[in-house]
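Here is how names work: the chains are called A, B, and so on, in the same order as the sequence lines, proteins then strands, and each is numbered from 1. Note that these values count all heavy atoms, side chains included, but never hydrogens, waters or copies made by symmetry. Note that this is a predicted model, so its numbers are computed, not measured.
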Amino acid sequence: MIPLKYNIRSLRTRWVSSLMTIIGTALVVWAVVLTFGLADGLDHTLEVSGEPLDLIVMRKGATAETNSIINESTAREMAALDGIASDAAGNKLCSPELVVVVNTARRAGDTNANMILRGVTPAAKEVRSNFHIVAGRENKPGVREAIASTQMANRFKGAGLDEELDVFGAPFKIVGLFEAGHSATESEVWTDLEVLGQTTKREGVRSAIQLRANSADDAQRMADRISSDEQFGLSALSEPVYFAEQAKSSRGIKAIGVFIAVILSIGAVFAVANTMYAAVASRAREIGTLRALGFNRRTILISFLLESLALCLAGGLLGCLAALPLNGMSTGTANWVTFSELAFTFRFGPTVQILAVSLVVVVGVIGGLFPALRATRMKIVDALREV
Amino acid sequence: MPAGSERAVVELRGVSKEYMRDKIRVPVLSNTNLDIPHGDFVAVMGPSGSGKSTLLNLAAGLDRPTTGTVTVAGTELNQLSESKLTRWRSQHLGFIFQLYNLMPVLTAFENVELPLLLTSLSRRQRAEHVETALRIVGLQERMDHFPRQLSGGQEQRVAIARALVNDPVLLLADEPTGNLDAAAAQEIMDLLQQLNEEFEKTIVMVTHDPRAARRARRMLHLEKGTFVETELDALEAAG
């Protein structure tokens, strides 16, 4: 093998063109990592939101809680079903909930967005993993108090601790902030179920009921029972299935990501190829000498491909480092199922990292292949004559 | 030129070489026979275009004859595939070029080590061989220097060390003093002569320089693709 230091030092010798190529590749990787980090973050949020043993019960035909209505008596019947798990105190883990979309001003800019305000009973937090108050306290039942996720507190006016949130003209005091393991719950503000019903003139109305089953078998049995009973007029979905449906909203971001990746990568391939063609042309005599010394065509090919890969890997590393500060940064997008804001964070998980590495490898190999082939095809006697 | 020695390192039999230039056949060597025995030091002279470099390329297996056979160290080069020829070259030949052809980004040590990377020697064994070769050419103190930090003569000595390091049967030198001043050229020729006399290296050297040619055991003159052997005494007389 030709030592790798030969290639690395040669890149250093032509540092201007090498640096330009590295920066170009870095920009491509940065843009791609960012876009797919966005999609990955969104997917992750919806993925961690689904508990396998939890069922979401909605009116038949409803695609989201926001367009589902269940009356109070039917909701009570749900609580009487067999197979529902209980908490330590023996209370059934059955959470009737009312979901209202409130158009609220964003903190950043002068625009408004739809925020989900959820009316809940104490059972709600029991059926959501990782739910915990991080500042202030829980809201009291029967009064206009609410708790907001830290992400919503940061994103919406009136949702911060001790601020007042305007809900159709009625002020709700934010008395606490919560987190819920980066799930979709972190895109909501919670208040008392009955108070929200009175405020929005929807007393006795529930949007959905969340149930936790004792086991996977019980979950399946309950889902079948609820969905098949014509009197209920309800359907029950497991939470992972419900959120998987919503995760389709990340498809648009992914499509844009693929488009950006393809277009920019083609540009990067040309940049790398240009640099490598110049490298091969300027080192024709060196290539001829290596061939005369006994290095075969394959070794020359591998050597120049490795040089091209080294160039791209340096660019990839730079691009990833440049994107790193955005990892975990909060952002939001419209959830086209609930028509409300879904808050999530950039997430450069293993999928995005593998994608970035694959991208630089593909760019490096394709960009370096043709120049490297040219190097191997040189006639030794001609190459040796090059000055 | 007479052929037939059993111990010949280089044997050319009926070798012709033609090139195509703008669809015109240009003969460079015609029906050439040559024997270079082991331990010989041959200087090949002749005007530009007489076929000197072609001769060297054929002996090195870098080019193939149009007709005839080239046998080096008992191997008929025509019979070898390109990959086998490449491998054979790394085991049997040492090259010395007019422009030294060192890798500018590698140190003297690393340049000399290059041919050994094709062998199964360990790193330690390679280091020993490289140090020995650099000691022979008198550059053991400069092994960490890059070519740009060396004079032309020193660069050529590194190139000679690289040519020597795998203990080749045949050294092929293409104008080894062509880019050097008189003093440096003298040193290089001293070195080549030492390699021939002390280490019994067979050397074929193409040169335009009569002073360099005088240091060889014998001189061949190429005229329009045909050899004319010149006695060194005659060369002396010619000045």
Side-chain angles (χ1 to χ4, degrees), chain A residues 1-19 275-276 278-304 306-308 310-311 314 372-387, chain B residues 17 19 28 53-64 80-107 109-119 123 126 146-148 159 162-166 168 172 174-175 179:
Chain A
M1 283 290 289
I2 297 167
L4 195 60
K5 59 191 162 197
Y6 166 71
N7 304 97
I8 302 296
R9 288 180 196 164
S10 294
L11 286 174
R12 233 169 40 195
T13 306
R14 294 172 291 111
W15 69 271
V16 176
S17 62
S18 298
L19 189 64
T275 303
M276 292 308 296
V280 169
S282 66
R283 278 146 66 194
R285 194 150 56 89
E286 292 176 30
I287 295 164
T289 305
L290 289 168
R291 297 272 289 118
L293 292 179
F295 290 94
N296 59 28
R297 288 179 195 272
R298 198 182 58 186
T299 310
I300 301 285
L301 181 84
I302 291 170
S303 178
F304 276 90
L306 285 176
E307 188 166 319
S308 169
L311 203 60
L373 281 174
R374 176 180 281 190
T376 65
R377 285 173 186 157
M378 281 180 178
K379 276 192 79 179
I380 302 175
V381 286
D382 294 337
L384 287 171
R385 280 195 207 110
E386 295 284 335
V387 179
Chain B
K17 181 68 187 175
Y19 290 108
V28 182
S53 295
T54 301
L55 174 77
L56 219 56
N57 291 337
L58 291 173
L62 299 177
D63 209 348
R64 293 183 188 268
L80 298 181
S81 65
E82 195 195 299
S83 58
K84 282 184 180 163
L85 195 56
T86 304
R87 189 175 178 77
W88 174 88
R89 223 170 19 238
S90 71
Q91 293 165 343
H92 295 86
L93 298 185
F95 288 94
I96 302 162
F97 302 96
Q98 180 178 356
L99 297 173
Y100 331 126
N101 290 20
L102 298 176
M103 303 299 135
V105 295
L106 298 181
T107 62
F109 181 97
E110 290 161 352
N111 265 290
V112 176
E113 191 186 22
L114 274 176
L116 299 180
L117 297 174
L118 296 160
T119 67
R123 178 191 281 256
R126 291 203 303 267
F146 286 94
R148 64 175 180 279
R162 181 180 65 187
L164 275 182
V165 74
N166 57 351
L172 298 168
D174 190 2
E175 300 271 13
N179 220 39

Revision key, fill the gap. Between Ser90(B) and Gly294(A) the two heavy atoms that sit nearest each other are CB-CA, 3.7 Å
**Study point:** Distance, nearest 0.5 Å, that separates CG of Leu99(B) from CZ of Arg385(A)
**Key:** 13.0 Å
Point to revise | Region of Leu117(B) in contact with chain A, defined by heavy-atom distances below 4.5 Å | key: both
Practice item. Rounded to the nearest 0.5 Å, what's the gap from CZ on Arg9(A) to CE on Met103(B)? Could you check? Key: 13.0 Å
Review point. Taking the side chain as C-beta and beyond, is there a heavy-atom pair between Arg162(B) and Thr289(A) under 4.5 Å?
Key: yes
Practice item. Let me know if Tyr100(B) has heavy atoms under 4.5 Å from chain A in its side chain, its backbone, both or neither. Key: neither
Practice item. Compare all side-chain heavy atoms of Lys5(A) with those of Val105(B) and state whether any distance is below 4.5 angstrom. Key: no
Check your understanding: So which heavy atom on Pro115(B) is nearest to which on Leu293(A), and how close?
Key -> CG-CD2, 4.5 Å
**Study point:** Flag, side chain of Arg89(B) to backbone of Arg291(A), donor-acceptor distance under 3.5 Å
**Key:** yes
Check your understanding: Would the number of heavy atoms belonging to other residues, nucleotides or ligands and lying under 6.0 Å from CZ of Arg298(A) be above 12?
Key -> no
Review point. Does the side chain of Leu62(B) come within less than 4.5 Å of Leu384(A)'s, by heavy atoms?
Key: yes
**Study point:** Test item: Phe295(A) and Leu114(B) side chains (from C-beta on) under 4.5 Å apart, heavy atoms
**Key:** yes
Practice item. Side chain from CB out, backbone as N, CA, C, O: work out which of these in Glu110(B) comes under 4.5 Å of a heavy atom of chain A, or both, or neither. Key: side chain
Point to revise | Under 4.5 Å from a heavy atom of chain B, the part of Thr13(A) involved | key: side chain
Review point. Does CZ belonging to Arg14(A) count more than 12 external heavy atoms closer than 6.0 Å?
Key: yes
Exercise for review: Working to the nearest 0.5 Å, report the span between CG of Asp382(A) and CG of Asp63(B).
Suggested key: 9.0 Å
Review point. Side chains of Asn296(A) and Arg87(B): do they bring a donor and an acceptor to under 3.5 Å?
Key: no
Practice item. Can you tell which part of Glu82(B) gets under 4.5 Å to a heavy atom of chain A, answering side chain, backbone, both or neither? Key: side chain
Check your understanding: Where do Ala292(A) and Phe97(B) come nearest, in terms of heavy atoms and distance?
Key -> CB-CZ, 4.3 Å
